[in-house]
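The structure appears below as structure tokens.
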Amino acid sequence: MAVAFLLRRLSLLPAAAAPSLAPRRFLAGAAQFQYILVDKKGAKQNVAVIQLNRPKALNALCDGLMDEMNQALDALERDPAVGAIVITGSEKAFAAGADIKEMQGRTFQECYGGSFLAHWNRVASVRKPVIAAVNGFALGGGCELAMMCDIIYAGEKAQFGQPEILLGTIPGAGGTQRLTRAVGKSLAMEMVLTGERISAQEAKLAGLVSKVCPVEKLLEEAISCGEKIAKNSKLVTAMAKEAVNAAFETTLTEGNKVEKRLFYATFATDDRKEGMSAFVEKREANFKDH
């Protein structure tokens, strides 16, 4: 009883954690989904929106949800019409953590031997830009999921935290690594060691999120950002994303080498020729993604 009370208090997992019975959506090339909704948004329908859909569990991240997320991401990466992806939850919770009931009985042997949570990292490896639109709780695995995305937009009432220490464990899906790189050692250490949350405004000041929006405008703003990205060359956008990730993950010297190689590579594309020609001719570029 004490453990259940603690989990509810932390908003990591509410008392009733049954799968959502909401209608399922379909995505071309993917299976029918139980835990997520997938749609295309924007004036040109070129921004995909993946909405976490376990409302009774505050979108707690179970294996089934993450498997469906990976299926959707695989299909969207193959979809030539999609130029950007938005991941969001509800106004109450982006994702209030991993599903503790699902993991509490696991053993060390099961976790280590089965590379537990390794498949969650698919979000970070997608070549198309991914935007997290975070309202409400982004705690534990929810915060880690947001940090796997390339850009984070937050609603004014969003809260970010890594409260695993209060459950006798530590973050296991990149929380200690991505949070430290995003906000620095001192704040990351404080959040991880105390389990305390930070507000959307504090997250913006710390560099964790790039924009704070009114709750009701958040998804619209994230989709608008996705549309701006999607109008550019998808091929060159993927190169730009790779270069920025190199800055996040390597030394300055190595990162500069990656940037130079990718910069040179753009000169082998038709889109680079079109972009520069359009600039010189004072017209809008018409990228063909090759």
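Judged by distance alone, with hydrogens and angles left aside, the side-chain atoms of Thr88 form a donor-acceptor pair with the main-chain N or O of Ala133 at under 3.5 Å. Judged purely by atom type and a 3.5 angstrom limit, Asp271 uses its side chain to pair as donor or acceptor with the backbone of His290. Gln159 places no side-chain N or O within 3.5 Å of a backbone atom of Arg197 that could act as its donor or acceptor partner. The backbone N or O of Ala93 sits less than 3.5 Å from a side-chain atom of Asn59, completing a donor-acceptor pair. Distance alone, capped at 3.5 Å, places no donor-acceptor pair between the Lys41 side chain and the Val49 backbone. When atom types are taken as modelled, the side chain of Glu156 and the backbone of Cys213 share no donor-acceptor pair closer than 3.5 angstrom. Between the side chain of Glu91 and the backbone N or O of Gly136, no donor-acceptor pair lies under 3.5 Å.
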For this session: Please test Arg122 against Ser125 for side-chain contact (heavy atoms from CB on, under 4.5 Å), starting from the C-alpha separation and ending with a verdict.
Result: CA-CA 5 Å; Arg122 177 69 180 103; Ser125 66; 3.1 Å; yes

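Atom CZ of residue Phe287 and atom CG of residue Asp270 lie 11.5 Å apart, to the nearest 0.5 angstrom. Atoms CZ and OG, from Arg272 and Ser277 in turn, are 7.5 Å apart once rounded to the nearest 0.5 Å. To the nearest 0.5 Å, the span separating NZ on Lys185 from OG1 on Thr176 amounts to 12.5 Å. One finds the CD atom of Glu164 at 8.5 Å from the SG atom of Cys143 (value rounded to the nearest 0.5 Å). We find the CG-CG distance between Asp79 and Asp74 to be 12.5 Å, quoted to the nearest 0.5 Å. A distance of 8.5 Å separates SG in Cys62 from CG in Asp67, rounded to the nearest 0.5 Å.
Val130 has its side chain out of reach of Met148: every pair of non-hydrogen atoms, C-beta onward, lies at least 4.5 Å apart. The shortest distance between side-chain heavy atoms of Phe160 and Glu202 does not fall below 4.5 Å. Residues Ile50 and Leu76 are in side-chain contact: their nearest non-hydrogen atoms beyond the backbone lie under 4.5 Å apart. Residues Lys241 and Arg127 fail the side-chain proximity criterion, which asks for heavy atoms closer than 4.5 Å. A heavy-atom distance below 4.5 Å is found between the side chains of Pro129 and Thr237. Side-chain contact between Lys217 and Tyr153 is absent, with no heavy atoms from C-beta onward closer than 4.5 Å. Contact of the Val134 side chain with the Val209 side chain is not registered, since no non-hydrogen atoms from C-beta on lie closer than 4.5 Å. Counting heavy atoms from C-beta outward, His119 and Asp63 have side chains that approach closer than 4.5 Å.
Taking the side chain to side chain donor-acceptor pair (under 3.5 Å) definition, one finds that Lys234 meets it with Asp289, sequence neighbours left out.
Taking a cutoff of 4.0 Å between a charged side-chain nitrogen and a carboxylate oxygen, Lys288 and Glu274 do not qualify as a salt bridge.
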Side-chain polar contacts of residues 251-262 - donor-acceptor pairs under 3.5 angstrom, sequence neighbours left out - could you list them?
residue: Thr251; atom: OG1; partner: Glu254; partner atom: N; Å: 3.2
residue: Glu254; atom: OE2; partner: Lys257; partner atom: NZ; Å: 3.4
residue: Asn256; atom: ND2; partner: Leu252; partner atom: O; Å: 3.4

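Counting all heavy atoms, side chain and backbone alike, Gly42 lies closest to Glu227 at CA-OE2, 3.2 Å. In this structure, Ala154 and Ala158 approach most closely via the heavy-atom pair CB-CB, 4.1 Å. Closest of all the heavy-atom pairs between Lys40 and Ala81 is NZ-CB, 4.3 Å. Heavy-atom minimum distance, Glu68 versus Tyr35: OE1-N, 2.7 Å. Cys149 approaches Ile87 most closely through the heavy-atom pair SG-CD1, 4.1 Å. Residue Phe267 comes nearest to Phe263 through the heavy atom pair CD1-O, 3.4 Å, listed as atom of the first residue, atom of the second, then distance.
Linking Ile, Leu, Val, Met, Phe, Trp and Tyr residues whenever their side-chain heavy atoms come within less than 4.5 Å leaves Leu208 and Ile151 in two separate clusters. One hydrophobic cluster holds both Met147 and Trp120 under the rule that ILVMFWY side chains link at heavy-atom gaps under 4.5 Å. The cluster map of Ile, Leu, Val, Met, Phe, Trp and Tyr, joined by side-chain heavy atoms under 4.5 Å apart, puts Met239 and Ile85 in different clusters. Cluster membership check: Leu139 does not share its hydrophobic cluster with Leu218, using side-chain heavy-atom separations under 4.5 Å among Ile, Leu, Val, Met, Phe, Trp and Tyr. In this structure, Val47 is a member of the same hydrophobic cluster as Ile229, with clusters built from ILVMFWY side-chain heavy atoms closer than 4.5 Å.
No more than 12 heavy atoms of other residues, nucleotides or ligands shown are found within 6.0 angstrom of NZ on Lys204. The environment of Phe279 atom CZ is sparse: at most 12 non-hydrogen atoms of other residues, nucleotides or ligands sit within 6.0 angstrom. Counting non-hydrogen atoms of neighbouring residues, nucleotides and ligands closer than 6.0 angstrom, the CD1 atom of Ile170 reaches no more than 12 such neighbours. Environment of CD in Glu281: crowded, with over 12 heavy atoms of neighbouring residues, nucleotides or ligands closer than 6.0 Å.
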